[in-house]
Amino acid sequence: MTVPAAPTESVHGNHSHAARWPGRDRHPVRVRIAPSPTGDPHVGTAYIALFNYVFAKKHGGKFILRIEDTDQTRSTLASEDAILRALRWVGLQWDEGPDCGGPFGPYRQSERTALYQQHAQLLVEKGAAYPCFCTAERLEASRRARMAEGKPPGYDRLCRYLSKQELADKLASGDKYVIRLAMPLQGETRFFDGLRGDIVIENATIDDQVLLKSDGFPTYHLANVVDDHLMQISHVIRAEEWIISTPKHVQLYAAFGWEPPDFLHMPLLRNPDRSKISKRKNPVSLDYYRDAGFFPEALLNFLSLMGFAFGGDREKFTLTEMIEAFDFTKVSAGEPVFDLQKLTWLNGLYLRELTPEALLMRLRQWRLSDEYLLQLIPLLKERIERMDQLIPAASFFLTGDLDYSGVVAQLIPKGRDKTQTGTALAELTDFLEEQVRHGWTHEALEKACRDFCEKTGWKTKELFMPIRLAVTGRAASPPLFETMVAIGKDLTRRRLRLAAQALHAYVPPSPEASPSPTPKASKAS
RNA sequence: GGCCCCAUAGUCUAGCGGUUAGGACGUCGGCCUCUCACGCCGAAAACGCGGGUUCAAGUCCCGCUGGGGUCACCA
């Protein structure tokens with residue numbers, strides 16, 4: 001029942017567990033990044049990709065990109081494109097992937113479903129997995145009941161103990177079912193984490209995970225194990241949030257009779273409040289960093305500082321230099337807070353070392369491209385009379401974050417207060433994330449903003465001005481929705497959140513405490 | 001709440017038994033300078049708490065506390 005860990009001794013005399021890495025001289029190093037195309041390209045993806053990439057290059061191995069689009073309801077091709085584009089922007093070129101192919105394809109999991117189904121079937125035959133016919137309703141009810149009893153909320157394993165006859169009947173009935181992993185009920189599962197050493201988890205605390213969903217698609221757990229094995233992944237470097245499910249994966253390897261890869265979990269990037277990095281508290285989309293004027297090499301350098309210490313107090317280094325110096329013994333398992341200010345400083349270092357010509361080129365690749373300026377000119381030309389007025393009128397199109405300290409008071413419409421307005425802007429941001437997922441167009445934006453007003457009881461007349469102020473920093477601007485399109489999804493949303501924060505933090509000047517000098521309070525005091 | 005992970009200044013980190021606890025961002029002060037920025041110099045600022053082990057503990061062990069993650073037919 002207890003799955004033996006890979007050999008764990010031999011770290012004597014060295015305090016770092018990573019001393020074992022790569023530790024598999026016989027095998028070529030093959031690592032992968034496996035993003036799920038369900039949203040914007042995430043900075044955490046770049047972070048994990050970076051360490052995989054560097055580790056692969058350090059050891060002459062391969063870095064593979066695999067698309068985990070096993071969630072049919074949430075995965076989109078648009079998101080996949082955006083992720084690939086963003087990773088290319090960031091400069092981490094993969095050796096095998098859905099776009100460039102490779103000897104272990106296909107690299108998109110939705111194109112491998114038959115493989116997962118065969119493997120799930122194999123596990124059922126071996127008795128390591130079983131069909132489960134429980135409905136969502138029953139699962140929910142059972143979960144609630146178990147919570148009420150103070151038990152862990154996991155699946156109660158009802159279908160694990162179906163008799164042969166019951167099973168045959170259910171199967172014959174044609175009801176939808178899933179395949180679940182039959183976790184050992186006793187014992188413990190142990191694995192070695194490259195940063196933390198041995199991690200031991202009681203099997204009894206682990207749920208019978210769904211491996212194959214009723215739509216025939218695999219869950220992450222099955223797909224990642226099957227693919228990592230078939231693609232001959234040697235080392236799994238992924239985020240810390242996966243630690244708890246690693247025993248399930250270890251059990252799967254054991255059930256298949258496969259040798260598991262080595263595991264290493266990177267710490268999670270954090271918001272300033274130390275929670276897992278999230279879009280509400282910190283910009284998270286790689287497109288934001290691009291649009292806000294960061295250089296990809298600075299972003300990568302900064303990301304590497306989140307845990308990796310180059311040595312010799314060095315903080316600025318190229319990817320190539322990082323590869324040379326790299327070693328997981330120089331990576332800490334601490335929980336790094338993503339500090340936008342320090343990233344900005346680092347970016348400044350990169351910017352200043354560019355020649356004027358080189359910087360001009362970068363600016364042209366950014367927002368001083370003919371293409372982008374041509375997008376702005378139609379919006380601005382009705383509002384100006386001389387060419388010299390263009391740049392001042394366009395400033396907010398060429399800016400990252402805006403400063404609202406001068407306009408907070410104006411953000412609040414008559415009859416509303418700062419909390420109502422701030423909350424509305426924050427909720428609108430969330431609303432836009434949901435409603436304008438499939439194309440950031442002015443039609444979609446207008447509809448969403450109007451729908452939002454209707455839903456929340458705001459008049460468009462009162463809310464559109466604060467939106468305008470948040471997005472442009474001004475009361476006068478080109479048409480709002482076209483402006484939002486030109487500014488782009490990520491910068492627009494960021495500004496809305498920033499304005500909401502400025503509102504919540506705003507302290508209106510109270511008449512008594514006003515600094516206007518009274519006759520008695522002369523400057524002598 | 002159960003389980004798991006983490007723990008040096010506000011933040012990122014160095015430290016692998018004996019250090020005036022080092023560097024960086026940020027903050028503050030100064031120099032440079034027509035201004036600002038850059039640059040340079042300087043300052044304030046940290047080993048969460050309690051037990052062990054040891055001649056000696058930021059460093060090793062245990063407990064506590066704190067923070068985080070995870071408990072989906074999402075990854």
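Below, chains carry the letters A, B, ... as their sequence lines are ordered, and counting in each starts from 1.
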Separation between the [atom1] atoms of [N] and [M], rounded to whole Å:
N      : M      : atom1 : answer
G22(B) : A43(B) : P     : 11 Å
C55(B) : C49(B) : C1'   : 25 Å
C34(B) : G29(B) : C1'   : 23 Å
U8(B)  : A46(B) : P     : 14 Å
A44(B) : A21(B) : P     : 14 Å
G52(B) : A45(B) : C1'   : 31 Å
G48(B) : U65(B) : C1'   : 7 Å
G18(B) : G58(B) : C1'   : 13 Å

What is the distance, rounded to the nearest whole Å, between atom [atom1] of [X] and atom [atom2] of [N]?
X         : N      : atom1 : atom2 : value
Leu222(A) : A75(B) : CG    : C1'   : 14 Å
Met266(A) : G68(B) : CE    : C1'   : 16 Å
Tyr116(A) : A75(B) : OH    : P     : 11 Å
Asp339(A) : A9(B)  : CG    : P     : 15 Å
Ile277(A) : U11(B) : CD1   : C1'   : 13 Å
Leu346(A) : C12(B) : CG    : P     : 15 Å
Glu137(A) : C73(B) : CD    : P     : 13 Å
Leu211(A) : A75(B) : CG    : C1'   : 15 Å

### Message
Heavy atoms from C-beta onward define the side chain here; which of A75(B), U13(B), G23(B) lies closest to that of Thr219(A)?
### Response
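For the Thr219(A) side chain, the nearest candidate turns out to be A75(B).
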### Query
In terms of side-chain heavy atoms of Val210(A), which of C73(B), A14(B), C25(B) is nearest?
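It is C73(B).
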### Query
CZ of Arg364(A): more than 12 outside heavy atoms within 6.0 angstrom?
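Not buried by this count: 12 neighbours or fewer within 6.0 Å.
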Phosphate contact ([N] OP1 or OP2) by [X] side-chain N/O below 4.0 Å:
X         : N      : value
Lys342(A) : U13(B) : no
Arg274(A) : U11(B) : yes
Lys213(A) : A75(B) : yes
Arg74(A)  : A75(B) : no

For [X], answer base if it contacts any base atom (sugar-phosphate contacts may also be present), sugar-phosphate if it contacts only those atoms, and nothing otherwise; contact means non-hydrogen atoms under 4.0 Å.
X         : value
Pro218(A) : sugar-phosphate
Gly348(A) : nothing
Glu68(A)  : sugar-phosphate
Thr73(A)  : nothing
Arg314(A) : nothing

Hunt down the Watson-Crick or G-U wobble partner of [N], both distances under 3.5 Å, from any strand shown, or write none.
N      : answer
G1(B)  : C71(B)
G26(B) : none
C49(B) : G63(B)
A21(B) : none
U33(B) : none

### Task
Could you tell me whether Asp291(A) and Lys489(A) have a side-chain N and a carboxylate O separated by less than 4.0 Å?
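No salt bridge links Asp291(A) with Lys489(A).
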### Query
Is the shortest distance from a Lys or Arg side-chain nitrogen in Asp228(A) or Arg66(A) to a carboxylate oxygen in the other one below 4.0 Å?
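Yes, this pair counts.
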Examine [X] together with [Y] and report whether their ring centres are nearer than 6.0 Å.
X         : Y         : result
Tyr350(A) : Phe295(A) : no
Phe51(A)  : Tyr47(A)  : yes
Trp242(A) : Phe263(A) : no

### Query
Under 3.5 Å, is there a donor-acceptor pair between the Thr246(A) and His265(A) side chains?
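Per modelled atom types, Thr246(A) and His265(A) side chains form a pair under 3.5 Å.
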Using 30° and 60° as the class limits, which term best fits the ring planes of [X] and [Y]: parallel, tilted or perpendicular?
X         : Y         : result
Trp21(A)  : His235(A) : tilted
His119(A) : Phe256(A) : perpendicular
Phe302(A) : Phe338(A) : perpendicular

### Query
Base, backbone or nothing for each nucleotide of nucleotides 35-43 of chain B, written B, S, -, heavy atoms under 4.0 angstrom, 5' to 3'?
---SS----
### Query
Looking only at heavy atoms, what is the nearest atom pair of Tyr404(A) and Ala502(A), with distance?
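Reported closest heavy-atom pair: CB-CB, 4.1 Å.
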### Task
Mind running a 4.0 Å heavy-atom check of residues 75-94 of chain A against RNA chain B and sending the residues that fall below it, in number order?
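Under 4.0 Å from RNA chain B: no residue of residues 75-94 of chain A.
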### Contacts of Asp69(A) that satisfy salt bridge (Lys or Arg N to Asp or Glu O under 4.0 Å) - sequence neighbours left out
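With neighbours one apart ignored, the set is empty.
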### Pairs satisfying salt bridge (Lys or Arg N to Asp or Glu O under 4.0 Å), at least one member in residues 298-317 of chain A, at least two apart
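For residues 298-317 of chain A: Arg314(A)-Glu321(A), Glu315(A)-Lys342(A), Lys316(A)-Glu353(A).
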### Task
Using heavy atoms to find the nearest nucleotide of RNA chain B for Arg270(A) and Pro267(A) separately, return the residue whose nucleotide is more 5′.
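The answer here is Pro267(A).
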### Query
Want to settle it: does Lys276(A) or Leu343(A) sit nearer the 5' end of RNA chain B, counting the closest nucleotide to each?
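Of the two residues, Leu343(A) wins.
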Tabulate atom names and distances for all N/O pairs under 3.5 angstrom spanning the protein and nucleotides 3-5 of chain B.
unit_1: C5(B); atom_1: O2'; unit_2: Arg196(A); atom_2: NH1; d: 2.9
unit_1: C5(B); atom_1: O2'; unit_2: Glu240(A); atom_2: OE2; d: 3.1

### Message
So for Ser214(A) and C73(B), does any side-chain atom that can act as donor or acceptor lie under 3.5 Å from a complementary atom in the base?
### Response
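Side chain to base: pair present.
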#### Entry: Partners meeting ring-ring contact (aromatic ring centres under 6.0 Å, His included) with Phe63(A) (sequence neighbours left out)
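Listed in chain order: Tyr53(A).
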### Task
Begin from the C-alpha positions of Tyr220(A) and Glu68(A) and carry the test side-chain hydrogen bond (donor to acceptor under 3.5 Å, both in side chains) through to its verdict.
CA-CA 8 Å; Tyr220(A) 170 85; Glu68(A) 306 244 356; 5.4 Å; no
